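So the structure is just underneath, and the comments pick up after that.
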Amino acid sequence: MSSPVAVDFAPPRPVRRSGARWTPVELLPPLVVAVLGTVLLLPGHGMWFDELFTAEVGRLPFGEIVAAVVEGRGTTSYLVDVPPSYNAPYYLVVHAWASLPGLGGDTSLRVLSLLATAGGLALVTRAVTRLASRPVGVLAGVVLAASPLVLEQAVEARSYGLVVLATGGAVLGLARWLQEAPRGLVLFGLAGAGMGLMHWYAVTALAAFVVTALLLRGWRALPVVIAGAAAVVPTAALVAVNLLNGTGARNAEHLRDTGGTLADLAVEAWAGGRTPLLYLAVGLAVLGGVRGAGVRVLGVCWVLVPLVLLLGAELVRPVYLPRYLLAGLLGLGVLAAAGALAVPRGARAPVAGLLVACALLASSPLAVREPRERADEVVAFLAARHRVGEPVVAADQRSATGLDHYVRTAAPRLRPDVVLPPDDAPATADRVWLVRRIIDGDPVPTDDDGILESAGLRMTSERAFPAGKTDLVVQLWER
């Protein structure tokens, strides 16, 4: 009887690299996202609360940001219970960016996200080109550049553009290691650390890349496992700091329990709702998972591992917001592109064109979307009507953030009369401007109403500023 023979199921290491050199066509995806992002930025809408928070924290001295993170305290009187802990590394990057000559304005913060997204898609394109082919790489990059969720986050002053950049670096590092180990390992580790530091959930996509290496190389993937584990350490330390300073679960009320439908909702968000892009991309992704030469294993792991991990986490607590899953959903575009070019040769160009067209169609509503918040218009309205000595009172946190920011940047002459929480409206003035947030048609409850009414003032006029995310109203109270 013959002795058993050990079988290595890992596929052989590729001898030839696809698309070994960069070519101009590989710059098409970053160019597409840059052009589309510029179109979205042209209306010049004012920033909304999350972006305003970025701007106000990022302008603080480096040491003050770090101290606020470590101590778990806010950086202003009206946000004393909102420390800059969740995206602390991003705020430090913003601080460095805003310190450059000529930068620091609202638009420049959004441009930082757009540039980072463009760079990330260039790296994803390069990685997929190396593993599969240049057509698959370029198509994947263009589909991602035009997808609604990616494009929406690419033009906001938040950390998701840098998440895309770090994810692109990690997957390119993995591609290099798969083809020319140990080359690419340092890039994989450094970019992987950046993924988690820019957003904790991106660690799930890093786990997907490690699983990919294990499936393709078996025990030879140990260096990737070690590099991945080391990359998670800074993120784990950041989480530990937030647990110790008491802010670990502060944001949980904004998350939703999907009841096990997280994967469906995530894909729907990536496609901008139940659009033709959703059905076409999912169908092609399945085909890419079966026949996508070169990126089949990577794409399947990239999509499934983050979703499985987060579905497991949802058994303990709600974890879902669409943008939180952005790093993992990039794999959907890669798989869909691989599927589009896995159809019979004569149908490849039409199918690829249809995929891109559906992505552009799904993203087209973003070009005409209303502002998410109109605090900039609120301040312009007040600047045109306010008289010196009349208090301008912010009644709540969101109103205070927008008022504080745009008074500083656009109407500094209002500053002496601005009253921010926790201070209440003064009872001695004859005219008071009250800025407040509206939820479900009613103003956020505040002590200011009672104070003004007791002082003999009444509301004589009101101007609403409805928006996509935060509805604001300016009330004039007179004696």
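In what follows, every heavy atom counts, from backbone to side chain, and hydrogens, waters and symmetry copies are set aside. The shown structure was predicted, so the numbers you read here are calculated from the model rather than taken from an experiment.
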Quiz item: Are Thr258 and Glu314 close enough that a side-chain donor and a side-chain acceptor fall under 3.5 Å?
Solution: yes
Exercise. Please report the closest heavy-atom contact between Val282 and Val267, naming both atoms and the distance.
Key: CG2-CG1, 3.6 Å
Quiz item: Does the pair Thr117 and Val150 meet the rule for a side-chain contact (heavy atoms from CB on, under 4.5 Å), with working shown?
Solution: CA-CA 8 Å; Thr117 302; Val150 174; 4.1 Å; yes
Quiz item: How far does CG of Leu60 sit from CG of Leu92, to the nearest 0.5 angstrom?
Solution: 11.0 Å
Quiz item: Which pair of non-hydrogen atoms, one from Pro148 and one from Ser363, has the smallest distance, and what is that distance?
Solution: N-OG, 3.2 Å
Practice problem: Please confirm whether the backbone N or O of Gly161 pairs with a side-chain atom of Ser113, one donor and one acceptor, at under 3.5 Å? | Solution: no
Self-check item: Pairwise distance CG(Asp449) to OG(Ser454) - rounded to 0.5 angstrom
Solution: 10.5 Å
Name each donor-acceptor pair under 3.5 Å that joins a side chain in residues 201-210 to protein atoms two or more places apart or in another chain, with its distance.
residue: Tyr201; atom: OH; partner: Val319; partner atom: O; Å: 2.8
residue: Thr204; atom: OG1; partner: Tyr201; partner atom: O; Å: 2.6

Quiz item: Side chains of Trp270 and Leu277: closer than 4.5 Å at any heavy-atom pair?
Solution: yes
Exercise. Applying salt bridge (Lys or Arg N to Asp or Glu O under 4.0 Å), run through Arg372 and Glu156 and close with a yes or a no.
Key: CA-CA 11 Å; Arg372 289 197 156 197; Glu156 295 205 349; 3.5 Å; yes
Quiz prompt | Interatomic distance, Leu197 atom CG to Ser159 atom OG [nearest 0.5 angstrom] | solution = 10.5 Å
Exercise. Verify side-chain contact (heavy atoms from CB on, under 4.5 Å) between Tyr160 and Val164, making sure each step is shown before the conclusion.
Key: CA-CA 6 Å; Tyr160 299 99; Val164 175; 5.7 Å; no
Exercise. Not counting sequence neighbours, list each pair that qualifies as a salt bridge (Lys or Arg N to Asp or Glu O under 4.0 Å) and has a residue in residues 66-77.
Key: Glu71-Arg73
Self-check item: side-chain contact (heavy atoms from CB on, under 4.5 Å) between Leu472 and Arg374, intermediate numbers included
Solution: CA-CA 7 Å; Leu472 298 174; Arg374 297 165 62 189; 5.7 Å; no
Quiz item: Going by atom types only, do Asp264 and Thr261 share a side-chain donor-acceptor pair under 3.5 Å?
Solution: no
Quiz item: Is Thr460 reaching over with its side chain to a backbone N or O of Leu476, donor-acceptor style, under 3.5 angstrom?
Solution: yes
Quiz item: Is Arg369 paired with Glu152 through a side-chain N to carboxylate O contact shorter than 4.0 Å?
Solution: yes
Quiz item: Do any N or O atoms from the side chain of His95 and from the backbone of Arg59 form a donor-acceptor pair under 3.5 angstrom?
Solution: no
Quiz prompt | Glu373 (side chain) donor-acceptor with Phe49 (main chain) under 3.5 angstrom | solution = yes
Quiz item: Would a 4.5 Å heavy-atom cut-off, applied to side chains only, mark Val93 and Met198 as touching?
Solution: yes
Quiz item: Got a donor-acceptor contact below 3.5 angstrom from the Thr125 side chain to the Ala140 backbone?
Solution: no
Practice problem: Please examine the side chains of Trp302 and Thr167, heavy atoms only from C-beta on, and report whether any two atoms are closer than 4.5 Å. | Solution: yes
Exercise. State whether the side chain of Asp417 and the backbone N or O of Gly389 hold a donor-acceptor pair below 3.5 Å, judged by distance alone.
Key: yes
Quiz item: When the ring centroid of Tyr86 is compared with that of Trp200, is the distance short of 6.0 Å?
Solution: yes
Quiz prompt | Minimal non-hydrogen separation, Ala191 against Gly169, with atom names | solution = CB-C, 3.5 Å
Quiz prompt | OG1 on Thr409 to CG on Asp376, rounded to 0.5 Å | solution = 8.5 Å
Quiz prompt | Interatomic spacing from CG in Leu178 to CZ in Arg217 - rounded to 0.5 Å | solution = 5.0 Å
Quiz item: Does atom CZ of Arg413 have more than 12 heavy-atom neighbours from other groups under 6.0 Å away?
Solution: yes
Quiz item: Is Leu452 close to Met459 at the side-chain level, that is, under 4.5 Å between some pair of heavy atoms?
Solution: no
Practice problem: Decide salt bridge (Lys or Arg N to Asp or Glu O under 4.0 Å) for Glu51 and Arg158; before the verdict, give the C-alpha distance in whole Å, the side-chain angles of both, and the deciding distance to 0.1 Å. | Solution: CA-CA 6 Å; Glu51 295 180 292; Arg158 294 190 293 180; over 6 Å; no
Self-check item: Arg398 side chain near Trp48 side chain, heavy-atom distance below 4.5 Å
Solution: yes
Quiz item: Any salt bridge between Asp442 and Arg437, counting N to O under 4.0 Å?
Solution: no
Quiz item: Below 4.5 Å, heavy atoms only, C-beta onward: do Leu36 and Leu40 meet side chain to side chain?
Solution: no
Quiz item: Just by distance, do the side chain of His386 and the backbone of Glu390 share a donor-acceptor pair under 3.5 Å?
Solution: yes
Practice problem: Over 60° means perpendicular and under 30° means parallel, so classify the ring planes of His199 and Tyr324, tilted if in between. | Solution: tilted
Practice problem: Could you tell me whether the side chain of Trp97 and the main chain of Ser108 form a donor-acceptor pair under 3.5 Å? | Solution: yes
Quiz item: Under the 3.5 angstrom rule, does the side chain of Glu478 hit a backbone N or O of Arg431 as a donor-acceptor pair?
Solution: no
Quiz prompt | Close side-chain approach of Asp448 and Trp477, heavy atoms under 4.5 Å | solution = no
Self-check item: Worked verdict on Asp404 versus Arg415 for salt bridge (Lys or Arg N to Asp or Glu O under 4.0 Å)
Solution: CA-CA 8 Å; Asp404 193 17; Arg415 176 59 65 190; 2.9 Å; yes
Quiz item: Looking at Val379 and Ala411, what are the two nearest heavy atoms and their distance?
Solution: CG1-CB, 3.7 Å
Practice problem: Determine whether Asp106 and Tyr406 make a side-chain contact, defined as any pair of heavy atoms from C-beta on separated by less than 4.5 Å. | Solution: yes
Exercise. Nearest 0.5 Å please: distance from the CG atom of Leu307 over to the CG atom of Leu325.
Key: 6.0 Å
Quiz item: Is the backbone of Ala157 close enough, under 3.5 Å, to the side chain of Thr54 for a donor and an acceptor to pair up by distance?
Solution: yes
Exercise. Kindly determine whether Leu298 and Leu174 satisfy side-chain contact (heavy atoms from CB on, under 4.5 Å), including the steps that lead there.
Key: CA-CA 10 Å; Leu298 170 64; Leu174 175 64; 4.0 Å; yes
Quiz prompt | Minimum heavy-atom distance Trp177-Pro223, with the two atoms named | solution = NE1-CB, 4.5 Å
Quiz item: Minimum heavy-atom separation for Val70 to Val241, with atom names?
Solution: CA-CG1, 4.3 Å
